[in-house]
Protein chains: 2
Amino acid sequence: MAKLQKSIDKRNALVKATIELVNNNGFHATPMSKIAKMANVSPATIYLYFENKQDLVNQTYIEVKAEYTKYAFENFDTTLSVEAGFEHIWKRIADFKLKECENAMFLAQCDNTPMIDEESRQQGIKHLQPLLDLWARGKKEGIIKPLSDYLLYAYSINPLSFLMINQKRGTFQLDKTHLEEAYQSAWSSIKACK
Amino acid sequence: MAKLQKSIDKRNALVKATIELVNNNGFHATPMSKIAKMANVSPATIYLYFENKQDLVNQTYIEVKAEYTKYAFENFDTTLSVEAGFEHIWKRIADFKLKECENAMFLAQCDNTPMIDEESRQQGIKHLQPLLDLWARGKKEGIIKPLSDYLLYAYSINPLSFLMINQKRGTFQLDKTHLEEAYQSAWSSIKACK
DNA sequence: AAAAAAAGAATGAACGTTCACTTTTATTGT
DNA sequence: ACAATAAAAGTGAACGTTCATTCTTTTTTT
């Protein structure tokens, strides 16, 4: 029997509150007291689950990133063609960013600031391997431009973050049509020219 | 004669210190005292130039953004073809992000977090008009995909931010070759297909 | 000499964290 | 089965620190 006495619910509530508050106010403007209040918990209780504030956001980051990549690669079939495989992953990622908007926003903020320890950031990248493998195959088959993975990511995946941020700000509405257009742009930018 | 007694040098030093410290530690971890120290100024002096900390970063953001767009559109010739005009602007922007790395990093951080007042953010966007005009012309001529400006920006300009951040982190080296490749990807993603 | 600019020390508020204590849950002895 | 007891989880108030900002004094400029 698992010796997990501390309520997983409380932990989850703390992580959830952290995401929401950091999204809306940024790390520097979300005091532990507010996180505790939103999670219906005493400030002191946070320290039963996390070492300190930094540890709280680090762990939150790693967890959300894991969810993200798990979602991205679910049902991914390595026997698919490179193009079909990429479309599948891309659309899963887009899906995640739309459905789990709060989580995705949190990741975007973490990835663009010195909020997170470098170590935790490294940890978060690890699970992206299936996509890198697909790209390697695509390059070998001459279907994908022979670019560094950073370039491929910058042009095919990362733009979604920009769109999502503007979606959240209300300056842009990412509907079905836009999504298909975005996918076409993403694919255009990385597919090899004939 | 201008009634500008307060030293412009001090103000500049404060802005510069703000950029450097916020880049390396984030807004929440850069106290006014450190900004003052780096600018060789008393903490109290900051308040002769800026209302408060928020005003300091807001003004810094607006100034840097203005520099950025000024640089981007310098020598821009509206009689150029859409493709040539876009290449010119794109390369000026890339140039800025490489040469004025600190400034560009600061903008990226501001644009991806709730660090800056919404009002100041709006202020910053205003000067991007020449690029939007060029795109409008490109769409009319059938040279550029008929996408929303947000999509065009997401796929052609914004990827540079991602690359720059990774450059700063040391995980990626953006040299001459990469730059040309990046430009090709940018153009591929927004040019209309024949 | 007056006024502006700058400095450093001072202040009060806010924050992360800890402490002393209570409540809840699990274990033991009968 | 059930008190009695021990251990774990949880709490609210308090602590020490840090920070943004202001106050008082000194320096510089006109």
Side-chain angles (χ1 to χ4, degrees), chain A residues 1-61 106 109-110 113-117 120, chain B residues 1-61 106 109-110 113-117 120:
Chain A
M1 202 59 223
K3 204 200 139 207
L4 187 58
Q5 306 243 283
K6 285 186 267 190
S7 148
I8 192 73
D9 291 344
K10 285 217 172 88
R11 215 196 101 104
N12 287 343
L14 284 168
V15 166
K16 192 156 178 288
T18 302
I19 293 169
E20 186 170 337
L21 288 169
V22 168
N23 269 353
N24 290 324
N25 313 315
F27 180 90
H28 80 282
T30 66
M32 295 295 258
S33 55
K34 263 193 202 157
I35 296 175
K37 197 165 284 176
M38 179 170 275
N40 284 314
V41 141
S42 158
T45 304
I46 300 181
Y47 294 86
L48 298 175
Y49 294 85
F50 303 95
E51 257 181 55
N52 49 38
K53 193 181 182 185
Q54 186 64 57
D55 183 46
L56 170 58
V57 293
N58 282 345
Q59 287 202 40
T60 301
Y61 173 76
F106 181 77
Q109 195 171 159
C110 291
T113 64
M115 201 173 102
I116 295 293
D117 285 350
S120 301
Chain B
M1 199 60 221
K3 205 200 138 208
L4 188 58
Q5 305 240 276
K6 286 184 265 186
S7 149
I8 192 73
D9 291 343
K10 284 216 173 88
R11 212 196 103 103
N12 288 342
L14 284 167
V15 167
K16 192 156 180 286
T18 302
I19 293 168
E20 186 170 336
L21 289 169
V22 169
N23 269 353
N24 291 323
N25 314 315
F27 181 90
H28 79 282
T30 68
M32 295 294 260
S33 55
K34 264 192 201 158
I35 295 175
K37 196 166 285 176
M38 179 169 274
N40 283 315
V41 141
S42 158
T45 304
I46 299 180
Y47 293 86
L48 298 175
Y49 294 85
F50 304 95
E51 257 180 57
N52 50 39
K53 193 180 182 184
Q54 186 64 56
D55 182 48
L56 170 58
V57 294
N58 282 345
Q59 287 203 39
T60 301
Y61 173 75
F106 181 77
Q109 196 171 156
C110 291
T113 64
M115 202 173 100
I116 296 292
D117 285 351
S120 302

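Protein chains get the first letters and strands the later ones, always in sequence-line order, with residue 1 at the start of each. The figures that follow rest on heavy atoms only: side chains count, while hydrogens, waters and symmetry mates do not.
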Under 3.5 Å, which N/O atoms of the protein pair with N/O atoms of nucleotides 8-14 of chain C?
{"unit_1": "C/dG8", "atom_1": "N7", "unit_2": "B/S42", "atom_2": "OG", "d": "2.9"}

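- In this structure, CE on B/M32 lies 8.5 Å from CG on B/L14, to the nearest 0.5 angstrom.
- At least one test fails for A/K53 against the ring of A/Y47: distance under 6.0 Å to the centre or angle within 45° of the axis.
- To the nearest 0.5 Å, the span separating CD on A/E20 from OG1 on A/T30 amounts to 11.5 Å.
- Taking the side chain of A/S7 as heavy atoms from C-beta on, and the options C/dA5, D/dT21, D/dG10, the nearest nucleotide is D/dG10.
- Residues passing the side-chain hydrogen bond (donor to acceptor under 3.5 Å, both in side chains) test with A/Q54 are A/N58, sequence neighbours excluded.
- Protein atom CZ of A/F50 is 18 Å distant from nucleotide atom C1' of C/dT18, rounded to whole Å.
- A/N40 places its CG atom 16 Å from the C1' atom of D/dA9, with the value rounded to the nearest Å.
- Atom P of nucleotide C/dA5 and atom OH of B/Y49 are separated by 8 Å, given to the nearest angstrom.
- Side chains of B/Q59 and B/D55: a donor-acceptor N/O pair is present below 3.5 angstrom, by distance only.
- Residue A/Q54 contributes atom CD, which lies 9 Å from atom P of C/dT17 at whole-angstrom precision.
- A rotation axis mapping the C1' atoms of four pairs onto the next four is fitted at both ends of the helix from C/dA1-D/dT30 to C/dT30-D/dA1 over five pairs, and the angle between these axes is 10° to 10 degrees.
- Side-chain nitrogen and oxygen atoms of B/K10 include at least one within less than 4.0 Å of the OP1 or OP2 phosphate oxygen of C/dA6.
- Here the side chain of B/T113 pairs a donor or acceptor atom with the backbone of B/Q109 at under 3.5 angstrom.
- Of the inter-residue distances, the one linking B/T18 atom OG1 with B/N23 atom CG reads 10.5 Å to the nearest 0.5 angstrom.
- Computed from coordinates, the A/L56 CG to C/dC15 C1' distance equals 15 Å when rounded to whole Å.
- If you measure from atom NZ of B/K34 to atom P of D/dA20, you get 10 Å, rounded to the nearest angstrom.
- Rounding to whole angstrom units, CD1 of residue A/I35 and P of D/dG10 are separated by 17 Å.
- Going from atom CG of B/D9 over to atom NZ of B/K16 covers 12.0 Å, rounded to the nearest 0.5 Å.
- If you run side chain to side chain contact (heavy atoms under 4.5 Å, CB included) between B/K10 and each of B/N40, B/I46, B/V41, only B/V41 comes through.
- Atom pair A/Y47:OH and C/dT17:P shows a separation of 3 Å (rounding to whole Å applied).
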